[in-house]
There are 2 protein chains.
Amino acid sequence: MSTSISELIAEKIDAMPASERRAAQTLIANYPLIGLRTVAEFSGQAGVSSPTILRFVSRLGFQSYPEFQSALQEELAAQVQSPWNRTATIQRPKDGATFPLMEAAIENIRETFQHLSAQQLDDVTDAISRNRSRFYLLGGRFTDPIATYMAAHLKIVRPGVTHLAGQESQWRDQLIDMGKKDVLLVFDIRRYQDSLLRFAEKAQARGVEIVLVTDQWLSPIARFARHVIAGRTAVPSPWDSSAALFLIAETLIAEVTRKLEQSSADRIRDLEQLRDN
Amino acid sequence: MSTSISELIAEKIDAMPASERRAAQTLIANYPLIGLRTVAEFSGQAGVSSPTILRFVSRLGFQSYPEFQSALQEELAAQVQSPWNRTATIQRPKDGATFPLMEAAIENIRETFQHLSAQQLDDVTDAISRNRSRFYLLGGRFTDPIATYMAAHLKIVRPGVTHLAGQESQWRDQLIDMGKKDVLLVFDIRRYQDSLLRFAEKAQARGVEIVLVTDQWLSPIARFARHVIAGRTAVPSPWDSSAALFLIAETLIAEVTRKLEQSSADRIRDLEQLRDN
DNA sequence: CATAAAATGTAACGTAAAGTACAGTTTGCC
DNA sequence: GGCAAACTGTACTTTACGTTACATTTTATG
């Protein structure tokens with residue numbers, strides 16, 4: 001009883017044939033609910049046949065499916081009774097090592113949001129939600145994917161979203177269309193990129209409202225920005241973590257979507273229609 | 001669905017006849033384990049007959065015993081899987097001081113890494129660290145930025161990294177150079193994209209080792225993948241959150257960098273030199 | 001490429017479990 | 001204390017679930 005079922009699976013998964021491994025992965029991904037349902041439901045979810053599920057269960061060392069379910073239930077019931085020791089017992093498998101990078105990233109996220117006021121968030125999302133203005137996104141070497149991610153979502157909920165990608169000279173040409181009513185969101189973390197700074201300066205000169213998402217040491221772009229959101233990025237790794245910035249992006253996306261709920265509903269329906277054709 | 005089963009019982013227990021009340025008390029005392037077992041076991045433990053258990057269950061408003069069990073299971077799984085809806089729904093009065101999306105995302109991250117074994121991580125990073133083979137990255141509509149992010153880092157630490165971007169037809173042409181020793185990492189979450197599935201199938205046919213990073217419902221690509229990493233994506237937002245996937249990417253990056261430390265040191269120095277010129 | 005071995009799914013089976021009819025028992029009321 | 005109503009258990013029926021045998025497909029090997 002000392003080894004949990006998830007440990008058991010991790011231990012044996014390499015010795016399993018493909019379909020059984022698929023069953024294992026499905027169970028881990030939906031742990032433990034799917035294992036409490038019937039063989040048929042389990043097999044359906046995993047996309048394999050019932051006998052495969054039974055073979056999988058028997059490979060784990062159980063005599064029958066009900067026996068396997070009982071084990072799951074007991075494990076589950078034990079967790080519910082004492083929530084605090086579930087972290088201790090289950091979260092650390094035998095190697096004892098949890099993931100330091102993950103722990104650090106979570107700390108960063110918490111810290112980041114603690115310093116983010118609801119007011120600030122509201123101001124920023126208001127700016128991004130102004131349908132009449134254009135909204136530009138720009139990122140640096142490692143943060144540009146986050147800008148892309150944000151653009152992919154916001155393009156769906158509102159018009160006039162432009163992700164400034166590619167060569168620096170290409171963005172520069174966009175400046176001509178940018179004006180007082182427009183908004184520019186820049187991601188910039190160490191090592192801060194001169195190209196972004198130059199662009200931000202010119203944009204600000206044209207009256208563009210700049211939102212900066214940066215690290216805790218603040219990009220020099222802060223000088224030109226109307227709003228600054230600072231996230232923590234330090235983790236025990238050769239690289240910085242952009243996870244906190246990523247979550248800021250997701251938060252902005254969610255909030256803007258909420259604010260534009262009515263106006264975007266039609267838009268989204270139209271998009272779906274276009275895609276179906 | 002808002003009222004839990006124990007609440008339901010507390011509400012109706014006064015209107016129950018003696019035997020059914022005994023059933024109720026037994027369930028509360030052994031909550032919820034006994035309710036997950038068979039009617040016979042339940043009735044035995046409570047010292048009443050099976051029909052009494054069934055009447056008790058039907059009085060709670062369930063159409064059948066299995067339906068009652070499903071409700072119990074979901075309740076239980078919800079507690080274990082995502083404490084965020086406890087935190088968010090119960091603990092918060094009405095002032096939006098904290099950020100529910102963030103809390104949910106953190107829970108997702110924790111949950112995701114809890115189901116990720118060190119062994120699995122090791123296998124995957126080993127595959128990605130094989131310098132002699134080529135390493136391909138591919139993402140879907142919203143996950144492609146994560147692939148980009150990962151590529152941006154890995155291109156620095158090892159040669160032969162290709163991010164399959166742009167048109168589907170462009171990736172397809174890359175297939176010709178992909179073979180048994182190569183590795184393909186695919187990000188695919190709901191709604192799963194046919195184009196990715198098709199590509200993965202062809203790649204697997206050519207003997208490529210596929211790593212899939214997906215959501216908890218598992219992309220159909222799991223069928224072709226040698227390694228599957230499932231991340232949680234559900235958050236209280238109109239959009240799914242890819243934060244957990246993002247952190248998986250960062251973890252892979254960090255680990256691969258560590259494994260290639262020696263061979264990449266020279267490479268990084270050379271790169272820096274190139275940039276300075 | 002041929003052959004054997006392993007893996008996987010289909011379909012049929014037996015059984016355990018849920019569900020039900022009904023008779024026996026208890027409880028409450030006049 | 002007699003009667004009716006509600007409650008409860010016994011015994012039986014029915015459903016659906018786990019299980020198994022076997023045929024087909026896939027993979028490994030010389």
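Every chain is numbered from 1, with letters handed out A, B, ... down the list of sequences.
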Q. C:dT8 phosphate, OP1 or OP2: any side-chain N/O from A:S19 under 4.0 angstrom?
A. yes
Q.
Tell me whether the side-chain N/O atoms of B:T52 come closer than 4.0 Å to OP1 or OP2 in D:dG9.
A. yes
Q | Between C:dA16 (C1') and A:Q69 (CD): distance, integer Å | A | 14 Å
(Q) Under a 3.5 Å threshold, yes or no: a donor from one side chain and an acceptor from the other, between B:Y192 and B:R190? (A) no
Q. Which one, D:dT8, D:dG18, C:dT10, comes nearest to the side chain of A:L54?
A. D:dG18
(Q) Output the rounded distance in Å from CD (B:E20) to C1' (D:dC7). (A) 9 Å
Q) Given that A:P66 and B:A18 both sit by DNA chain D, which one's nearest nucleotide is further toward the 5' end? A) B:A18
**Q.** base_contact_polar (C:dG9 base, A:R55 side chain, donor-acceptor, <3.5 Å)
**A.** yes
Q | Rounded distance (Å) that lies between atom P of D:dT15 and atom CD of B:Q63 | A | 17 Å
Q) When the distance from CZ of B:R22 to P of D:dC7 is rounded to whole Å, what number comes out? A) 17 Å
Q) Counting any heavy atom closer than 4.0 Å, what does A:S64 reach on the DNA or RNA strands: base, sugar-phosphate only, or nothing? A) sugar-phosphate
(Q) Return whichever of B:R37 or B:R223 has its heavy-atom-nearest nucleotide of DNA chain C closer to the 5' end. (A) B:R223
Q) Quick one: A:I53 CD1 to D:dT20 C1', roughly how many Å, whole number? A) 16 Å
Q.
Just by distance, no angles: are the side chains of B:Q216 and A:Y31 close enough, under 3.5 Å, to form a donor-acceptor pair?
A. no
Q | Side-chain donor-acceptor contact under 3.5 Å, B:Q45 with B:T26 | A | no
Q | B:E250 versus B:Y149, side-chain donor and acceptor atoms under 3.5 Å | A | yes
**Q.** Closest-nucleotide 5' rank along DNA chain D - winner of B:M16 and B:Q204
**A.** B:M16
Q.
On DNA chain C, does the nearest nucleotide to A:P51 precede the nearest nucleotide to A:R59 from the 5' side, or the other way round? Give the residue.
A. A:R59
